[in-house]
Amino acid sequence: VAKQLANFAAVPYKAVSFAGLKDRHAVTEQWFSLHLPGSTDPDWSSLSLEGVEFLQARRHNRKLRQGQLSYNRFRLRVRDCHIAEPDLLQPRLQRIREHGVPNYFGPQRFGRDLNNLRRVLQQPELRRLGRETRGFVLSALRAALFNGYLAGRVSAGNWYQSLPGEALLSDRPRGAAEDDTSVFASLRLPAGLLWGRDAGGSGGAVKDLEAEWFGRFPAVCAALERAGARMSRRVMAARVGDLQWRYDQHELALDFVLGPGVFATAVLAEILAVEDCALSLAEEESND
């Protein structure tokens, strides 16, 4: 859509921006921005893109940037959903309302059949990959390591509780105004490492936990550093806002809100108690 908007408005592709990616197989709604300083608006009435419905356009004095959104709202319908013990669904959803879900990267991050990870086997020197491919691979490697560390914290039952020496991170969306609570009030939550240069910041027991986990993958960590990845962090507990549900005649209807970068597949895995493939990625990577 961004490329077609650029062609329609006769501007470079880089002049079109959006806050984030949306699911490929879904009905989605989002804003795009076109950098048109001093230009008149295109004739939006003549815009025709296959599979796209144009809703509205308006002027703004700033362009959209990656991550510049407060939340994503999901409305999901899981059909042919045979829940063996429906009575357990209510307390599980109540726990999710209270504590959120483990903030795993969903399987989308790793590509179909884990191809974003398998590319490392084909070209271990990440700097030689093309820019776009390298970005996918770096994200997938960091996400796999993060998921493995988070899985250990989930097994220990302390993924949403800060331990002594824990690095905390606000889950306020980047760029949100101080008075913009949107769906979530800002909280400081335990944050796990996304490996890169200058990794650090934790102390106490958490430092030992991180050293033990990432120490299992010295070659991967070194490759990420050589490729220029910078250390960052990601909250380990993802809050689920406005959670509503209905289960009737083997159809589960779910409505909820997630902050930027949180995967709806992680919520589904927790609700339905299924093993998301993301949980075993780090183990598979280690075997490779």
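- The shortest distance between side-chain heavy atoms of Phe110 and Gln108 does not fall below 4.5 Å.
- What you find for Ala227 and Leu138 is that their closest heavy atoms are CB-CD2, 3.7 Å.
- The distance from the CG atom of Leu254 to the CZ atom of Phe74 is 11.5 Å, given to the nearest 0.5 Å.
- For the 3.5 Å distance criterion, the side chains of Glu225 and Trp195 qualify, holding a donor opposite an acceptor.
- The hydrophobic cluster containing Leu258 does not contain Trp31, counting ILVMFWY residues as joined when their side-chain heavy atoms lie under 4.5 angstrom apart, directly or transitively.
- The line from CG of Leu150 to CE of Met236 is 6.5 Å long, rounded to the nearest 0.5 Å.
- Cluster membership check: Leu76 shares its hydrophobic cluster with Leu272, using side-chain heavy-atom separations under 4.5 Å among Ile, Leu, Val, Met, Phe, Trp and Tyr.
- Taken together through direct or relayed side-chain contacts under 4.5 Å among Ile, Leu, Val, Met, Phe, Trp and Tyr, Val101 and Leu268 form part of one hydrophobic cluster.
- When atom types are taken as modelled, the side chain of Trp213 and the backbone of Leu145 share a donor-acceptor pair closer than 3.5 angstrom.
- Looking at Arg142 and Ser232, their side chains do bring a donor and an acceptor atom within 3.5 Å of each other.
- At least one side-chain heavy atom of Arg109 sits under 4.5 Å from a side-chain heavy atom of Ser139.
- Side-chain atoms of Glu270 never come within 3.5 Å of backbone atoms of Pro102 as a donor-acceptor pair (strictly under, hydrogens ignored).
- The nearest pair of heavy atoms linking Glu166 to Ser162 is OE1-CA, 3.7 Å.
- Side chain of Arg92 to main chain of Ile271: a donor-acceptor pair is present (N/O by atom type, distance under 3.5 Å, no hydrogens or angles).
- Here Tyr149 contributes atom OH and Arg216 contributes atom CZ; the two are 12.0 Å apart, rounded to the nearest 0.5 Å.
- Under a 3.5 Å cut-off, the side chain of Ser17 and the backbone N or O of Arg65 do not form any donor-acceptor pair.
- Expressed to the nearest 0.5 Å, how far CG of Leu21 lies from OG1 of Thr28 amounts to 10.5 Å.
- Atom CG of Asp80 sits in a sparse spot, with 12 or fewer heavy atoms from other residues, nucleotides or ligands closer than 6.0 Å.
- Here Arg233 pairs with Glu210 in a salt bridge; the nearest charged N to carboxylate O distance falls below 4.0 Å.
- Residues Pro107 and Phe263 fail the side-chain proximity criterion, which asks for heavy atoms closer than 4.5 Å.
- Looking at every heavy atom in both residues, Cys81 comes nearest to Leu252 through SG-CB, 4.2 Å.
- With Arg97 contributing its side chain and Leu243 its backbone, the two residues share a donor-acceptor pair below 3.5 Å.
- With rounding to the nearest 0.5 angstrom, the OG atom of Ser48 is 9.5 Å from the CD atom of Gln4.
- The main-chain N or O of Ile83 is found under 3.5 Å from a side-chain atom of Tyr247 such that the two form a donor-acceptor pair.
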Exercise for review: Could you walk me through whether Phe32 and Lys63 pass the side-chain contact (heavy atoms from CB on, under 4.5 Å) test, one step at a time?
Suggested key: CA-CA 9 Å; Phe32 289 82; Lys63 66 182 294 186; over 6 Å; no
**Study point:** Asp242 vs Phe256, side-chain contact (heavy atoms from CB on, under 4.5 Å): CA-CA, chis, key distance, verdict
**Key:** CA-CA 5 Å; Asp242 289 356; Phe256 53 86; 6.0 Å; no
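- No donor-acceptor pair closer than 3.5 Å links the side chain of Gln94 to the backbone N or O of Pro91.
- Summarising the geometry of Trp159 relative to Gly100, their closest heavy-atom pair is CH2-O, 3.6 Å, with the distance given to 0.1 Å.
- Among the candidates Gln244, Arg73, Arg246, Arg77, the single residue satisfying the side-chain hydrogen bond (donor to acceptor under 3.5 Å, both in side chains) test with Asp255 is Arg77.
- Put simply, the side chain of Arg79 never gets that close to the backbone of Glu251: no donor and acceptor are under 3.5 Å apart.
- The shortest non-hydrogen separation linking Leu189 to Val235 is CB-CG1, 4.0 Å.
- Note on Leu5: it does not cluster hydrophobically with Leu64, by side-chain heavy-atom contacts below 4.5 Å among ILVMFWY residues.
- You'll find the side chain of Leu193 stays beyond 4.5 Å of the side chain of Arg234, heavy atoms only.
- Using a 4.5 Å cut-off on side-chain heavy atoms (C-beta onward), Asn72 and Pro260 make no contact.
- The shortest side-chain heavy-atom distance between Arg153 and Tyr160 does not fall under the 4.5 Å cut-off.
- Proximity of Val257 to Val240: side-chain heavy atoms (C-beta onward) are nowhere separated by under 4.5 Å.
- Nearest heavy atoms, Ala191 versus Leu169: CB-CB, 3.8 Å.
- Residue Leu88 is not grouped with residue Val267 when hydrophobic side chains (ILVMFWY) are merged at heavy-atom distances under 4.5 angstrom, including chains of intermediate members.
- Crowding of His82 atom NE2: a count of heavy atoms from other residues, nucleotides or ligands under 6.0 Å exceeding 12.
- Heavy-atom neighbours of Gln249 CD from other residues, nucleotides or ligands within 6.0 Å: at or below the threshold of 12.
- Between Phe54 and Trp44, the ring-plane angle classifies as parallel under the 30° and 60° cut-offs.
- Residues Leu47 and Pro42 form no side-chain contact, since every pair of their non-hydrogen atoms from C-beta on lies 4.5 Å or further apart.
- Proximity of the aromatic rings of Phe146 and Phe105 is defined here by a centroid distance below 6.0 angstrom, and this criterion is met.
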